[in-house]
S.K.: 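Can you keep this structure in mind? I'll have questions shortly.
Along the sequence shown, residues are numbered consecutively beginning with 1.
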Amino acid sequence: MKHFCWGAFVVSRETFYDDVYVGAFMNTETYDVLVVGAGHAGCEAALAAARMGCSTLLLNLSLDAVAQMSCNPAIGGLAKGHLVREIDALGGEMARNIDATGIQFRVLNTKKGPAVRASRAQADRDLYRSRMKQVIEGQSLLDLKQGQVVRLLVDGTRVVGVETRDGVVFAASRVILTTGTFMCGLIHVGLVHYSGGRAGEPSSEGLSNHLRELGFSVGRLKTGTPPRLDAASIDFSSLEEQPGDLQPKPFSADTKGIERPQVSCYITYTNEQTHAVIRGGLDRSPLYSGVIEGVGPRYCPSIEDKVVRFPERDHHQIFLEPEGLTSGEVYPNGVSTSLPPDIQLAYLRTMTGLEKVEITRYGYAIEYDYVDPIQLHPTLETKRLSGLYHAGQINGTSGYEEAAAQGLLAGINAALSVQGRDQVVVGREQGYLGVLVDDLVNLGAPEPYRMFTSRAEYRLLLREGNADQRLSPLGREVGLLPDARWEIFSRKLADLERGHARLRELRLAPGNVDAIQQLGLVGLKNGASLEELLRRPEIQIEDLLFLDPELAEFSLEVRTELETEIKYEGYIRRQREQVENFRRLESLAIPTAFDYDAIGGLSTEVREKLKRVGPRTLGQAGRIPGVTPAAIAILAILLKR
């Protein structure tokens, strides 16, 4: 009898055959980690596990759709750019991939504070997909295969493999599900609907029903995408041009610079005629005729939803974004829709520049199954089945960046688990990734979850510019940051320390009249250190470079971080004090078998919520909606005993 062993766990080939139908084919290789789905979550999960030394299999419905950008061909944006920097800080791939394939880079919110500034890049859709596939195919310990998983193989309360629709069984110690919108996907165009996980691709049937059979709570969500336009049919001369930044800023610390020529996007607007056409087609909208049952994203509504919900608005801004350097298609960002094809064409042709536009692919809505993320530990391992992890849209999130960040965390923890090491939890004070996962496991996802800077209570500490300081030590500890990358990070830390020392030590003397006049410092009598000068709102660090040539030798990234840390020192100190208070609550661990029913003074509602979520710490318990401060006080007393 042949056995497959992972640490102390042993399963026989016969165990697998007891679980599958007669005629199933057992793949001969046993994997440490198996990832289902090669979208943005799956790619990060598989690469992380393999780079940490685990034999890994990545299964996808189609090998031609690895890292497919189903909707907008762009990476980053408000809060999402923070996630991409955090992925890079931990050793993930998304930042490097967009740096290598981006065709327009912009920093958003430059006139606002550093906490909410965010990077965004338009991607060449085909280049993004093909480069990521090349990275995966070239990664040692990682196999990429095609297959549709229809069920999990389970031994007791542990997952031990998967079975595909073709009857092939793959044994694995850990399984990560990153199914995107494919589980029971249903596409809607007007009142016509058909099965599909994405336009032109089949849905995955059977797996979500199997998860229900295993006891998981499975729900239904909805998202959508706009039509794609023929660039040759657009009058760009009548549109407002939106170029990229003159000095494109890379996402990854590994990227020395962006040398590729940048392309422009363009802006147009809806108008009253547009809205009238849309209102006239609502009777044929699946969204308003009751055909769609899934809950859609509140913060990324379809154009018909915008027109209905905001009748006072006489226009909406639409960004026309190129799909790639060699593509003739344009993505109209802001007009996601499931209206019938004739209505889509009619409303588009009411807009400036689109009077003669032709549609290459019609927009659609898609409903899909997801699994309530309250059923997860903060490690993204499921509570019901050990060894099973969920990441991405299966957890109810929307967006490539949210998916990739979850996939990276799931891949890290699956690998750590295989290696017998403690799994990691990213805290809310450590990163947007921590905020994302904490929200999911405590609040669930009654609607598609999208990351915003407003979700992070410590956002001044969670800046794009210090993502490496927050998370690179963790990436190094788990084994994802190689020596060369760690050297880059260590050099940055040394430069920051040296920069702070220079700014503290160097002083502008009151007798230096020329410098005082150049800086506009009328009435400076006692002199001041460069650090003190930099605290003034009207002075930027670039203004001080002429006083100290050594400052100019630091990278722009280091100079920007120095300026931020000095100008916002008081606010940063206050948030760090808040974090210390937060950590005191987080340090009070709640035992797994804690008996909430035995505690007097808790209401039935509070008990049920605590039992449903199963918080690991007192801090997590306090973030569960409906768990009162009085209940937390009672728990704190008991836990301290």
S.K.: Taking atom CD of E241 as the centre, does the number of heavy atoms from other residues, nucleotides or ligands within less than 6.0 Å exceed 12?
M.R.: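 For E241, atom CD is crowded (more than 12 foreign heavy atoms under 6.0 Å).
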S.K.: Before accepting this row, confirm whether a basic side-chain N of the pair E329/R361 lies closer than 4.0 Å to the acidic partner's carboxylate O.
M.R.: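 R361 and E329: salt-bridged.
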S.K.: Report yes or no: does N466 contribute a side-chain atom to a donor-acceptor pair with the main-chain N or O of L461 at less than 3.5 Å?
M.R.: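 Present.
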S.K.: Is there a donor-acceptor pair closer than 3.5 Å between any side-chain N or O of E569 and the backbone N or O of K567?
M.R.: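 No, because the side chain of E569 does not come within donor-acceptor range (under 3.5 Å) of the backbone of K567.
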S.K.: For the residue pair L376 and L440, establish whether any side-chain heavy-atom pair is separated by less than 4.5 Å.
M.R.: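 No, their side chains stay 4.5 Å or more apart.
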S.K.: Is a donor on one side and an acceptor on the other found under 3.5 Å between the side chain of N442 and the backbone of D438?
M.R.: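 Such a contact is found between N442 side chain and D438 backbone.
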S.K.: Less than 4.0 Å between a side-chain N and a carboxylate O, is that true for E464 and R117?
M.R.: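 No, R117 and E464 are not salt-bridged.
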S.K.: Tell me if a side-chain donor or acceptor on E367 pairs with a main-chain N or O of G294 at a distance below 3.5 Å.
M.R.: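 A pair under 3.5 Å: yes.
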S.K.: Answer whether the closest heavy-atom distance between the side chains of M351 and V357 falls below 4.5 Å.
M.R.: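 No; the side chains remain at least 4.5 Å from each other.
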S.K.: Could you check whether D342 pairs with R284 (Lys NZ or Arg NE/NH1/NH2 to Asp/Glu carboxylate O, under 4.0 Å)?
M.R.: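 A salt bridge links D342 with R284.
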S.K.: Heavy atoms, side chains only, cut-off 4.5 Å: are I359 and P341 in contact?
M.R.: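 The answer is no; the side chains never approach within 4.5 Å.
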S.K.: Look at the side chain of N333 and the backbone N and O of F319, then say whether any donor-acceptor pair between them is shorter than 3.5 Å.
M.R.: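 It does not hold such a pair.
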S.K.: Above 12 or not: heavy atoms from other molecules or residues under 6.0 Å from CD of E259?
M.R.: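 No.
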S.K.: Can D283 and Y288 be counted as having a side-chain donor-acceptor contact under 3.5 angstrom?
M.R.: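 No, no side-chain donor-acceptor pair sits under 3.5 Å.
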S.K.: When you measure from the centre of the six-membered ring of Y568, is the NZ or CZ of R463 closer than 6.0 Å and no more than 45° off the axis?
M.R.: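 Checked: cation-pi criterion not met.
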S.K.: Any carboxylate oxygen within less than 4.0 angstrom of a Lys/Arg side-chain nitrogen, looking at E86 and R470?
M.R.: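 A salt bridge links E86 with R470.
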S.K.: With rounding to the nearest 0.5 angstrom, report the CZ to OG distance, R198 to S62.
M.R.: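 Reported to 0.5 Å precision, the distance equals 8.5 Å.
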S.K.: Looking at D235 and S237, would you say the former's side chain and the latter's main chain have a donor-acceptor pair under 3.5 Å?
M.R.: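 Confirmed, D235 side chain pairs with S237 backbone.
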S.K.: Has N271 got a side-chain atom pairing as donor or acceptor with T350's backbone, closer than 3.5 angstrom?
M.R.: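 Yes; judged by distance alone, with no hydrogens or angles, the pair exists.
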S.K.: Report the distance from atom CD of Q242 to atom CZ of R106, rounding to the nearest 0.5 Å.
M.R.: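 Taking CD in Q242 and CZ in R106, the distance rounds to 3.5 Å.
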S.K.: Quick one: does any side-chain atom of T178 pair with a main-chain N or O of V36 as donor and acceptor, under 3.5 Å?
M.R.: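 Yes.
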S.K.: Counting neighbours of OH on Y571 that are heavy atoms of other residues, nucleotides or ligands and sit closer than 6.0 Å, is the number greater than 12?
M.R.: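 Open.
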S.K.: Just to verify, which of R96, E44, H40 counts as forming a side-chain contact (heavy atoms from CB on, under 4.5 Å) with I87?
M.R.: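 Only one of R96, E44, H40 forms a side-chain contact (heavy atoms from CB on, under 4.5 Å) with I87, namely E44.
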S.K.: Please determine whether salt bridge (charged side-chain N to carboxylate O under 4.0 Å, His left out) holds for the pair E93 and R131, giving the CA-CA distance in whole Å, both sets of side-chain angles, and the decisive distance to 0.1 Å.
M.R.: CA-CA 11 Å; E93 191 63 31; R131 183 194 177 277; 3.1 Å; yes
S.K.: Between T360 and E358, do the side chains contain an N or O donor and an N or O acceptor separated by less than 3.5 Å?
M.R.: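 No, E358 and T360 have no side-chain donor paired with an acceptor closer than 3.5 Å.
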S.K.: Would you mind checking if R129 and D64 are paired as a salt bridge, meaning a charged N to carboxylate O distance below 4.0 Å?
M.R.: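 No salt bridge links D64 with R129.
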S.K.: May I ask you to decide whether R120 forms a salt bridge with E321, counting only side-chain N to carboxylate O separations under 4.0 Å?
M.R.: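 The answer is yes: the pair qualifies as a salt bridge.
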S.K.: Looking at L339, is its backbone amide N or carbonyl O close enough to the side chain of Q344 to form a donor-acceptor pair, meaning the two atoms are under 3.5 Å apart?
M.R.: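 Yes, Q344 side chain to L339 backbone: donor-acceptor pair under 3.5 Å.
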S.K.: Do the side-chain N and O atoms of S195 and S203 include a donor-acceptor pair separated by under 3.5 angstrom?
M.R.: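 Per modelled atom types, S195 and S203 side chains form a pair under 3.5 Å.
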S.K.: Judged by modelled atom types alone, do S217 and D372 share a side-chain donor-acceptor pair under 3.5 Å?
M.R.: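 Checked: S217/D372 side chains show no N/O donor-acceptor pair below 3.5 Å.
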S.K.: For the side chain of N97 and the backbone of Y128, is there at least one donor-acceptor N/O pair under 3.5 Å apart?
M.R.: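 Yes, the answer is positive, given that a donor and an acceptor are paired below the 3.5 Å cut-off.
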S.K.: Does either side chain, that of T397 or that of Q406, offer a donor lying less than 3.5 Å from an acceptor on the other one?
M.R.: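 Checked: T397/Q406 side chains pair up, N/O donor to acceptor below 3.5 Å.
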